[in-house]
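This report refers to the structure that appears directly beneath it.
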Amino acid sequence: MRIAFLGTPEFALPSLEMLRTIGHTLAVFTQPDRPVGRHATLTPPPTKAYALEHDIPVFQFEKIRLPEGVAALKDFAPDLMVTAAFGQLLSAENLAIPRLGCINVHGSLLPKYRGAAPIQWAIIDGETETGVTTMMTAIGMDTGDILLVDQIAIDPDETAGELFERMAVLGAETLRRTISALEAGTLIRIPQDESQATKCPMLKKEHGKLDFSQSCASVHNRVRGTNPWPGAYAMLGDEVLKIHKTQKTDHAICEEPLGILKGSAKSGLFVRCADGWLEIVELQATGGKRMRAKDYLLGRSLEGKVLL
RNA sequence: CGCGGGGUAGAGCAGUUGGUAGCUCGUCGGGCUCAUAACCCGGAGGUCGUUGGUUCAAGUCCAUCCCCCGCAA
């Protein structure tokens with residue numbers, strides 16, 4: 001088949017690779033190169049880099065809904081369109097181009113966690129299970145009919161980055177099964193139950209701000225759900241302290257103020273949350289490298305200081 | 001040339017007005033203890049990121065380059 005692949009970040013790579021390996025004729029449509037890093041170096045999206053390596057034609061549009069995007073799609077004349085973390089909304093005109101329609105790979109058990117960062121939000125919310133859903137792309141935000149679903153368990157200490165990798169691989173498998181069912185004519189479309197639908201917002205920097213008036217579990221989930229991006233943090237005086245990794249403890253609590261720190265290079269670093277002490281395992285001070293909290297404490301003490 | 005912090009022992013840091021480099025941990029050896037994230041004694045380990053300059057003397061001042069990181073995007 002001729003397949004137009006619309007995807008941008010790492011999450012889309014395993015799916016793209018799967019399609020190439022199977023031997024479909026591909027074209028990649030992705031976001032324009034973006035400035036990245038301290039010197040704002042213009043960087044191509046991962047799917048573009050992959051496509052270039054494998055001689056797959058690449059098209060980049062700010063908005064594929066606009067006439068040039070539509071024209072490019074029509075020009076490629078795809079049988080099928082596949083989207084995976086594309087990052088742009090499609091128009092009815094876009095969707096009408098491929099004869100077999102458009103399939104989306106989404107990182108949640110729809111209709112829950114519609115939106116931009118379903119994997120992270122599932123972890124932040126403390127979910128123990130999530131999954132990949134393939135669906136017929138519709139005009140709304142992840143509202144199309146469900147095709148296939150694969151569930152996956154979330155490890156209690158798993159970070160969003162780790163789950164991302166596993167789900168990207170799973171997503172490719174779910175997509176493979178979906179397409180082969182499509183070719184076999186055995187796909188069943190199941191409308192989403194709107195009453196069960198939830199939407200999650202795009203993740204912003206502020207979503208990484210920790211709140212120690214919450215439970216240890218909530219703070220821990222926030223830390224792993226925002227790792228590696230945007231990263232969890234708290235204020236230590238007027239400096240930002242990034243917190244990369246935490247661990248639950250069973251330390252007894254008294255009347256300590258929330259957010260207060262205790263510990264040493266030997267024992268480790270602990271912060272007081274609503275219902276207990278949470279160990280801070282890895283952190284990063286402003287201007288410093290990411291390091292184990294115990295290493296950080298070799299050079300300076302945080303005993304009695306308070307995180308806000 | 002977007003703003004800013006930093007490169008000193010294996011690790012994390014300190015180093016005051018320029019004058020033979022310190023702290024905590026680890027490590028090695030010895031001791032003590034029922035035991036310990038315990039304690040005591042002793043040792044090894046650094047041409048202080050690069051290159052050049054100022055000076056009787058530079059980790060410390062100046063210049064340059066390399067590398068790491070936070071913010072912003």
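- Taking a pair to require two hydrogen-bonding distances under 3.5 Å in either a Watson-Crick or a G-U wobble arrangement, rG42(B) pairs with rC28(B).
- Contact annotation: Lys294(A) side-chain N/O to rA37(B) OP1/OP2 distance is not under 4.0 Å.
- Arg114(A) contributes no side-chain N or O that, together with a main-chain N or O of Cys200(A), makes up a donor-acceptor pair within less than 3.5 Å.
- Surrounding CD of Glu303(A) are more than 12 heavy atoms belonging to other residues, nucleotides or ligands, all under 6.0 Å away.
- At a threshold of 4.0 angstrom between heavy atoms, the contacts of Lys242(A) are confined to the sugar-phosphate backbone, with no base atom among them.
- If you take NZ of Lys204(A) and C1' of rA73(B), they are 15 Å apart, rounded to a whole angstrom.
- Across all strands shown, Glu239(A) has no heavy atoms under 4.0 Å from either base or sugar-phosphate atoms.
- In this structure, the side chains of Leu73(A) and Asn94(A) come closer than 4.5 Å at one or more pairs of heavy atoms.
- The side chain of Leu298(A) has rA11(B) as its nearest neighbour among rC68(B), rC71(B), rA11(B).
- Atom pair Arg292(A):CZ and rA11(B):P shows a separation of 13 Å (rounding to whole Å applied).
- Spacing between atom CG of Leu241(A) and atom P of rC71(B) amounts to 12 Å, rounded to whole angstrom units.
- Counting heavy atoms from C-beta outward, Asp33(A) and Pro45(A) have side chains that approach closer than 4.5 Å.
- For the pair His251(A) NE2 and rA37(B) P, the interatomic distance rounds to 13 Å; values are reported in whole Å.
- The separation of rG15(B) from rG5(B), taken at their P atoms, amounts to 16 Å, rounded to a whole angstrom.
- rG42(B) and rU54(B): their C1' atoms are spaced 43 Å apart (whole Å).
- The partner of rG2(B) is rC71(B), by the rule that a Watson-Crick or G-U pair needs both atom distances under 3.5 Å.
- Using atom C1' as the reference point in both rG70(B) and rU16(B), the two lie 27 Å apart (nearest Å).
- With both ends at atom C1', the span from rA58(B) to rG10(B) equals 27 Å, rounded to whole Å.
- Evaluated for a salt bridge (Lys or Arg N to Asp or Glu O under 4.0 Å) with Glu282(A), the options Arg290(A), Lys242(A), Arg292(A), Lys294(A) yield exactly one hit, Arg290(A).
- With C1' as the reference atom, rG49(B) and rA9(B) are 15 Å apart, rounded to whole Å.
- A side-chain donor-acceptor contact under 3.5 Å links Thr47(A) to the backbone of Thr8(A).
- Between the CG atom of Asp295(A) and the C1' atom of rG10(B) there is a distance of 11 Å, given to the nearest Å.
- In this structure, the CD1 atom of Ile243(A) is 15 Å from the C1' atom of rG70(B), given to the nearest Å.
- If you find the closest nucleotide of RNA chain B to Phe270(A) and to Gly288(A), the one lying nearer the 5' end belongs to Phe270(A).
- Closest to the side chain of Gln284(A), out of rC68(B), rC13(B), rC69(B), is rC69(B).
- Atom C1' of nucleotide rA37(B) and atom CG of Leu297(A) are separated by 13 Å, given to the nearest angstrom.
- rC48(B) sits 30 Å from rC41(B) when the C1' atoms are compared, rounded to a whole Å.
- rC56(B) sits 40 Å from rG2(B) when the P atoms are compared, rounded to a whole Å.
- With both ends at atom C1', the span from rC3(B) to rA63(B) equals 23 Å, rounded to whole Å.
- Taking 4.0 Å as the cut-off between side-chain N and carboxylate O, Glu62(A) and Arg34(A) count as a salt-bridged pair.
- For Met291(A), whose side chain is taken as the heavy atoms from C-beta onward, the closest listed nucleotide among rC13(B), rC68(B), rA11(B) is rC13(B).
- The residue Thr286(A) sits close only to the backbone: its heavy atoms come under 4.0 Å of sugar-phosphate atoms, none of a base.
- Taking atom CG on Asp238(A) and atom C1' on rG4(B), their separation rounds to 13 Å, with Å as the unit.
- One finds no side-chain N or O of Lys289(A) lying less than 4.0 angstrom from the OP1 or OP2 phosphate oxygen of rG5(B).
- Taking a pair to require two hydrogen-bonding distances under 3.5 Å in either a Watson-Crick or a G-U wobble arrangement, rG18(B) remains unpaired.
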